[in-house]
Colleague: 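The structure's right below; bear with me while I get my questions together.
Atoms considered below: every heavy atom in the structure, side chains included; atoms not considered: hydrogens, waters and symmetry mates.
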Amino acid sequence: MRPVCDIRQRKFPECKECKNKEEREQNSSDGICCIKSELDALPLRYIELCSGPGRCSTRDGWEQDGTALAILNHPDYENIADAIFIDYNQDVVDTLNQRIQNLSISNAKAYLGDYNNPQSILAAMRSRRFDGLTLCLVDPTDCSVPFDTIQTIYNESNQKCDFIISFFRKTDFHRNCIEATTNSNFQEAREKYQRFLGNSHFFTRSDVRDAAEFSHRDRISELFRKDYAGSLKRMGLIYQDTVGIDNIYNLLFATSNPRGLDFWNKARKYAPNGQGTLF
């Protein structure tokens, strides 16, 4: 078996177990919990926006490593030359950098940036040397990351960047897709999804409108993901694969090099728990 990632989950005894948005807003500031971690006395975030501070709290009274620390603590991190984490909140950036320092890791750093402002992402990327293969993980739970930002990252890496992008099955777009297609009151949501796709024609397509007429949310979500994949292909990321994770979300991998797809397929032979799988 391959090594697995230990997210160091532990009970969060002072957790208020917020049950809705109102309670989360009451007990947090910009998503940062008012109660600090039992593990290292540093802040937690309820929902990871961008990189997050490294640790997050769940709704059922637990805390655990977020994506950034899960990557840094994984045994295979030794194969990564450099890691950049981006968040728009300065307190979050400072907290994550403190946690990185506590791990005595010198080749990782968090930077202040906003994915709605590609230039701020460029500033972070240009602070580190990019002379090899780059892997960019994008986790756009609410589909708010503009496609222009993906294009900017790809170009800045001299078109040597592979992408892993998550598509959640039962959140945001899935909930709103029919209304965004048929209801003019959802114009703001529609515009957000169009920025995410990098085009303005998705909701006028006959197959999308037909699926909306018959309330086929799963079908619209599938078309949405395929449309996004098409935008990546037009950018040059023509080798792609999609894998489902526990019926919760899909991961879309995209690369411009067939060897990148070969590496991805080899990695897919192992389940998240490190167990080899038939593929």
Side-chain angles (χ1 to χ4, degrees), residues 1-18 28 31-33 35-87 89 91-111 133-141 162-166 168-169 243-251 253 263-279:
M1 290 180 60
R2 292 179 58 130
V4 298
C5 182
D6 177 12
I7 59 174
R8 301 184 298 169
Q9 188 178 63
R10 60 184 294 160
K11 196 64 180 175
F12 188 30
E14 296 186 61
C15 180
K16 299 183 182 298
E17 299 190 26
C18 302
S28 68
I32 302 173
C33 183
I35 305 171
K36 295 187 177 180
S37 168
E38 288 278 312
L39 184 66
D40 57 16
L42 290 170
L44 306 165
R45 184 181 257 167
Y46 285 111
I47 300 174
E48 281 194 331
L49 304 172
C50 305
S51 70
R55 294 280 289 176
C56 55
S57 60
T58 66
R59 295 182 180 180
D60 54 355
W62 294 80
E63 65 165 288
Q64 62 189 41
D65 284 348
T67 303
L69 285 197
I71 292 171
L72 296 174
N73 280 319
H74 195 281
D76 286 339
Y77 180 74
E78 64 182 15
N79 298 313
I80 295 178
D82 211 352
I84 289 177
F85 301 99
I86 306 292
D87 201 285
N89 183 298
D91 290 338
V92 167
V93 170
D94 293 342
T95 299
L96 181 53
N97 279 327
Q98 181 61 59
R99 286 189 164 115
I100 293 172
Q101 182 178 333
N102 292 347
L103 292 173
S104 299
I105 293 177
S106 60
N107 64 338
K109 189 174 181 179
Y111 292 87
L133 178 63
T134 304
L135 176 64
C136 181
L137 174 62
V138 185
D139 193 28
T141 309
D162 297 345
F163 290 86
I164 300 176
I165 300 173
S166 60
F168 286 80
R169 295 180 180 175
V243 59
I245 306 295
D246 295 335
N247 201 34
I248 300 174
Y249 59 94
N250 293 301
L251 290 179
F253 174 77
F263 292 151
W264 168 258
N265 287 332
K266 289 178 180 177
R268 276 195 56 193
K269 291 183 179 180
Y270 296 90
N273 63 2
Q275 178 67 51
T277 60
L278 294 176
F279 179 68

Colleague: Can you sort out the partners of A83 under side-chain contact (heavy atoms from CB on, under 4.5 Å), two or more places apart, ordered by chain and number?
Modeller: Y77, F85, A108
Colleague: Excluding sequence neighbours, so at least two apart, what forms side chain to side chain donor-acceptor pair (under 3.5 Å) with N89?
Modeller: D30
Colleague: Using the side-chain contact (heavy atoms from CB on, under 4.5 Å) criterion, which residues pair with A81? Sequence neighbours excluded.
Modeller: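 With sequence neighbours excluded, A81 shows a side-chain contact (heavy atoms from CB on, under 4.5 Å) to no residue whatsoever.
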Colleague: Do the side chain of D87 and the main chain of G52 share a donor and acceptor less than 3.5 angstrom apart?
Modeller: yes
Colleague: Just verifying a value: how many Å separate I32 CD1 and C56 SG, rounded to the nearest 0.5 Å?
Modeller: 13.0 Å
Colleague: Under the side-chain contact (heavy atoms from CB on, under 4.5 Å) test, which residues partner Q101, sequence neighbours left out?
Modeller: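 By the side-chain contact (heavy atoms from CB on, under 4.5 Å) rule, Q101 matches Q98.
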Colleague: Grab the two heavy atoms, one from P53 and one from L44, that are nearest each other, plus how far apart they are.
Modeller: CG-C, 4.2 Å
Colleague: Kindly give the heavy-atom pair with the smallest separation between D60 and K11, and that separation in Å.
Modeller: O-NZ, 3.5 Å
Colleague: Over all heavy atoms of both residues, which pair between K36 and A41 is shortest? Give the atoms and the distance, please.
Modeller: CD-O, 3.3 Å
Colleague: Could you tell me the separation between the CG atom of L42 and the CZ atom of R55, rounded to the nearest 0.5 Å?
Modeller: 10.5 Å
Colleague: Where is the tightest heavy-atom contact between W62 and Q9, given as atom of each residue plus distance?
Modeller: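 The pair with the smallest heavy-atom distance is CE3-CG, 3.6 Å.
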Colleague: List for me each residue that meets ring pair (Phe, Tyr, Trp, His ring centres under 6.0 Å) alongside Y111, sequence neighbours excluded, and say none if there are none.
Modeller: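 Ring pair (Phe, Tyr, Trp, His ring centres under 6.0 Å) check on Y111 returns nothing, list empty.
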Colleague: Are any of the side-chain heavy atoms of I86 and S51 separated by less than 4.5 Å?
Modeller: no
Colleague: Do you know which of W264, Y249, F253 makes side-chain contact (heavy atoms from CB on, under 4.5 Å) with V243?
Modeller: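 Considering W264, Y249, F253, a side-chain contact (heavy atoms from CB on, under 4.5 Å) with V243 is found only for W264.
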Colleague: Just to verify, what does D40 make a salt bridge (charged side-chain N to carboxylate O under 4.0 Å, His left out) with, not counting sequence neighbours?
Modeller: R99
Colleague: In Å and rounded to the nearest 0.5 Å, what is the CD1 to CG distance from I164 to D139?
Modeller: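 The distance works out to 11.0 Å.
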Colleague: How far does SG of C33 sit from CD of E14, to the nearest 0.5 angstrom?
Modeller: 9.5 Å
Colleague: Is the backbone N or O of E38 less than 3.5 Å from a side-chain atom of E63, with the two atoms forming a donor-acceptor pair by type?
Modeller: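 At least one qualifying donor-acceptor pair exists.
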Colleague: Just do the side-chain contact (heavy atoms from CB on, under 4.5 Å) check on L69 and L103 with the steps written out, would you?
Modeller: CA-CA 9 Å; L69 285 197; L103 292 173; 3.8 Å; yes
Colleague: Can you tell me how far CG of L96 sits from NZ of K109, rounded to the nearest 0.5 angstrom?
Modeller: 11.5 Å
Colleague: Would you mind reporting whether S166 and P140 have side-chain heavy atoms less than 4.5 Å apart?
Modeller: yes
Colleague: Work out which heavy atom in D65 is nearest to a heavy atom in A70; give both atom names and the distance.
Modeller: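 For D65 and A70, the tightest heavy-atom pair comes out as CB-N, 4.2 Å.
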Colleague: How many angstroms lie between atom CG of D162 and atom CG of L137, to the nearest 0.5 angstrom?
Modeller: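 Reported value, rounded in 0.5 Å steps: 12.5 Å.
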